[in-house]
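Data block below; observations after.
Order of the sequence lines fixes the chain letters, A, B, ..., with proteins taken first and strands second; residue numbering starts at 1 for each chain.
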Amino acid sequence: MDTYSPIEIEAKWQSRWDELGTNLFSRDDLASAEKPYFNLMMFPYPSAEGLHVGNIYAYTGADVWGRYQRLRGHDVFQPMGFDAFGIHSENYALKVGVNPNDLIPSNISNFTRQLRRIGAMFDWNHTVDTTDPNYYRWTQWVFLKLFEAGLVEKREAPVNWCPSCKTVVANEQVIQGLCERCDSAVEQRQIEQWFLKITEYAQRLLDGIEHIDWSSRTLSAQNNWIGRSEGADIDFPIVGRDESIRVFTTRPDTICGATYMVLAPEHPLIDVLTNDEQRETVDAYVEQAKRLDLKARQYVDRPKTGTWIGAYCENPITGAQMPVWVSDYVLIEYGTGAIMAVPGHDERDFEFASTFDLPIKRVISRNGSNNAGLMTEAYVGDGVMVNSGEFDGLTVAEGKRAIVQKLETNGLATGQVRYRLHDWCISRQRYWGPPIPIIYCDDCGPVPVPESDLPVMLPHLEEFKPDDSGKSPLARDTDWCTTDCPTCGGVGTRETDVSDTFLDSAWYFMRYPCTDTDEVALDQEMVKKWLPVNSYIGGHEHAVLHLLYARFVTMAFHDHGILEFGEPFEKFRAHGILTKDGRKISKSRGNVIIPDDLIAEWGADTVRLYLMFLGPFEQGGDYQESGIRGPASFLDRLALSVAEASDDKGDEQVLQAMHRTIDKVSSDIEQLKYNTVISALMEYLNVVREGGRTCTKQELEPIIVMLAPFAPHLAEELWERLGHNSSIFESGLWPEADPELAKVETFEIGVQVNGKLRGSIFVTESTTENEALSLAQSNERVATHLDSVDVRKVIYVPGRILNIVVG
RNA sequence: GCCCAGAUGUUGGAAUUGGUAGACAAGCUGGCCUUAGAAGCCAGUGCCUUCGUGGCGUGAGGGUUCAAAUCCCUCUCUGGGCACCA
């Protein structure tokens, strides 16, 4: 009989887990769990292609964490679901000419099969499918709650329109002016849209960053995305008028170096201030700027363009007159849509001033000396104010305060904080999403659909291809659109936009523990017991999309009395990505790896172990199939060792190594350094089997427990073969290192002479410097280097190194 | 341009956070066992070398230190994010 035949063993344990409900919770189980631990991972979009090896990598790493927590004695709830709405599914459905409704179920069952095959401990009693009316009914409810909270607004706004997807896309979905889905150049359009007012939470989202245990790179991405800037709004009086131009600046200290003003092409004052001579030129410029699509406009390396509009402002500090220009390098959507240009200390202004021969003036000097020479580039660094009259000599920081203070007394300035974050546009002029639950009535205006009328069902459309009308295909189903106004009972028309997929995923984790009821979205008993999520693991690509939206919805629900907590995920870890031969894995490169064959060949345990062994989980690694033999033969040797193991007491030396291994594994697994966990287990097995010695059960049991998160099927099997008759995951078996046994008694340390390694000596913890030195001196190799020289200094770091400085 | 990661043998990677660089694997070479080997076992494997108890070596160059893959400065390259955000 084979000691280890993965296919049989894995089938055996998967069906046993199913029979015993090892990973399943009933509602009662959920309610009575003593040590609840919610282990969440990002749910997939169920594509037709199935899970690729990158998905398996991510889910295995998250499952390892969940199983580890389980071995620590927690009641680990680990659900899985499917994020099946959205443009991605819809475009695929259009391509193959099938309604997405008919496509999704088979994709989901294929995903489920794959996810079961890798042996992750998902609770298949608690799943979500965002396209199920029993789910999206509650997504619509989420919208209504945000509406009640005053966080939903319809307004006409310039939005990113993808001409290929024929829909609006969020700022977060525009990558360098291109649609993230199809890479078409995004255009600017003015359309009425539904917005969620996430900007009201900008500061809260920023403040919360201090208090959550997340991967630092994810937090830094959110930080940059929110983009807080501190500065001031300053009014520049317009010469010959009773009005002024308000600008936002983060550098009030450079105001004396402001030599002209710039308005964004869309700025309302342009029309008012342009004089007759300039009118034609300005109109032409503004027209041309409006025609530019967002991609062209955001292209940074484009030469600066613009024109003088024939007006002047007065510098409120120096009194100097400054011409007012219009240029598309100033953006209407940020700040006040107008700037004071300081070419001496801003790179963009410098470039503009150089192009149009506008004066460039130094007002900040690195060392305080007033070097009057020509500036050849903008100086943006720190320094001291010069050429600024009474303010000369102040540092940048002092100057910022002093200028604002002086202007505040005249009412010309106010301290101001601004954010780059924009409101979240959730309208999508597409078919495959939850209809936004709003009804328009000629008398009552837009009215929210009453909760009792949810869900607003998405009709089954034969023809769901979007057109260029700017309206959703739902608008073509007039039967569906026509309804009664919930307020007055008159004729109403349904909103035909559907919501962004990111609304589906902004709250899905809250639904998982509540799926036993269809009466309410959130079962408060379950919410209190299981939320917030204890650990969330997922891709870093969602740093500023999903993860920010989920925080926003949670905060809004907290403020609205629905949730008691304000942050959804206590701990978040971004996993690394897998490369193939050092290159990113992607469909376009044609190097996608579907894991099914690999698992069929090697078994799930070996594949899991191999993937986790590739590199640190948070950094990813390079997938090289030949490397799978290492983990495979490790499992073989372990199975062999168990088969041969005796009932004798373990060897003392081996048990010491065992406790050191427990120590290392326990600390590395906490840091998700799964690769070194596995290498520590391998090293220990090498010690156990050294010289072909027969090992004992006592020496092997803990290693099997520590391996269980990685290779759960084999661990169960070996546990059973060692004579245990309950599941290894049942009773919190994670071993505890005995500090006495883990302690190393004698160790070898290096001996250096003048920093160069010349030999080594064996010492104990209590070896003194003098003892170490005499040990070193009696070492032949070291002694040669001490001949006929004086010892000048001895550095002895117990347990680390002995360095003898001679000369 | 800015921000964040990173660069270590033939390859994936390790290094107690300043203390014996290359753990654990893969690959390769040789051997044992075997009808067989994706099984098991043993040995070797950074480079140079006059083979010495020698020299060199963690992207490049400089610095700090008794001691640097690790800290500091300058630069190069790779991956990712943001991008005219005033």
* B:C77: pairing nucleotide in any strand, Watson-Crick or G-U under 3.5 angstrom -> B:G6
* Is the shortest side-chain N/O distance from A:Lys756 to OP1 or OP2 of B:G19 below 4.0 Å? -> no
* To do: Assert yes or no for the condition that the ring centre distance of A:Phe502 to A:Trp424 is strictly below 6.0 Å.
  => no
* Counterpart residues, side chain to side chain donor-acceptor pair (under 3.5 Å), relative to A:Glu377 (two or more places apart) -> none
Might you list the N or O atoms of the protein lying below 3.5 Å from N or O atoms in nucleotides 65-68 of chain B, with each pair's distance?
unit_1, atom_1, unit_2, atom_2, d
B:C66, O2', A:Asn803, ND2, 3.1
B:C66, O2, A:Asn803, ND2, 2.5

* Structure fact -> 5' to 3', nucleotides 31-53 of chain B under a 4.0 Å protein heavy-atom cut-off (B base, S sugar-phosphate only, - none) gives -------BSSS-----------B
* Summarise how protein sits on nucleotides 1-14 of chain B as a single string, 5' to 3': B when a protein heavy atom is under 4.0 Å from the base, S for sugar-phosphate-only contact, - for no contact. => --S-------SBSS
* Structure fact -> Across all chains, not counting sequence neighbours, the side chain to side chain donor-acceptor pair (under 3.5 Å) partners of A:Asn686 are A:Arg637
* Structure fact -> By the Watson-Crick or G-U definition, both distances under 3.5 Å, B:U29 is matched with B:A43
* Which nucleotide in B:A86, B:A21, B:U17 has an atom nearest any side-chain atom of A:Leu757 -> B:A21
* Would you mind reading off the distance between A:Leu263 atom CG and B:C84 atom P, rounded to a whole angstrom? => 19 Å
* Centroid-centroid distance, A:Phe352 to A:Trp325, less than 6.0 Å -> yes
* Asked: Contact class for A:Leu802 (heavy atom, under 4.0 Å): base, sugar-phosphate, or nothing?
  -> nothing
* Asked: Do the ring centers of A:Phe617 and A:Tyr57 come within less than 6.0 Å of each other?
  -> yes
* Given B:A86, B:C84, B:G19, the nucleotide with the shortest approach to the side chain of A:Thr250 -> B:A86
* For A:Ser220, what residues pass the side chain to side chain donor-acceptor pair (under 3.5 Å) criterion, not counting sequence neighbours? -> none
* Asked: Given side chains that start at C-beta, do those of A:Ile245 and A:Leu269 come closer than 4.5 Å, heavy atoms only?
  -> yes
* Asked: So which one's nearest nucleotide on RNA chain B is more toward 5', A:Gly750 or A:Ile628?
  -> A:Gly750
* Asked: Using a cut-off of less than 4.0 Å, is there contact between a side-chain N or O of A:Asn686 and OP1 or OP2 of B:A23?
  -> no
* To do: Report the C-alpha separation of A:Leu609 and A:Phe613 in whole Å, then their side-chain angles, then the decisive distance to 0.1 Å, and conclude whether the side-chain contact (heavy atoms from CB on, under 4.5 Å) test is met.
  => CA-CA 6 Å; A:Leu609 194 64; A:Phe613 185 56; 5.5 Å; no
* **Counterpart base for B:U58, defined by Watson-Crick or G-U wobble contacts under 3.5 Å** => none
* With both distances kept under 3.5 Å, what pairs with B:A68, Watson-Crick or G-U wobble? -> none
* From A:Gln222 atom CD to A:Arg551 atom CZ, the distance as rounded to the nearest 0.5 Å -> 5.0 Å
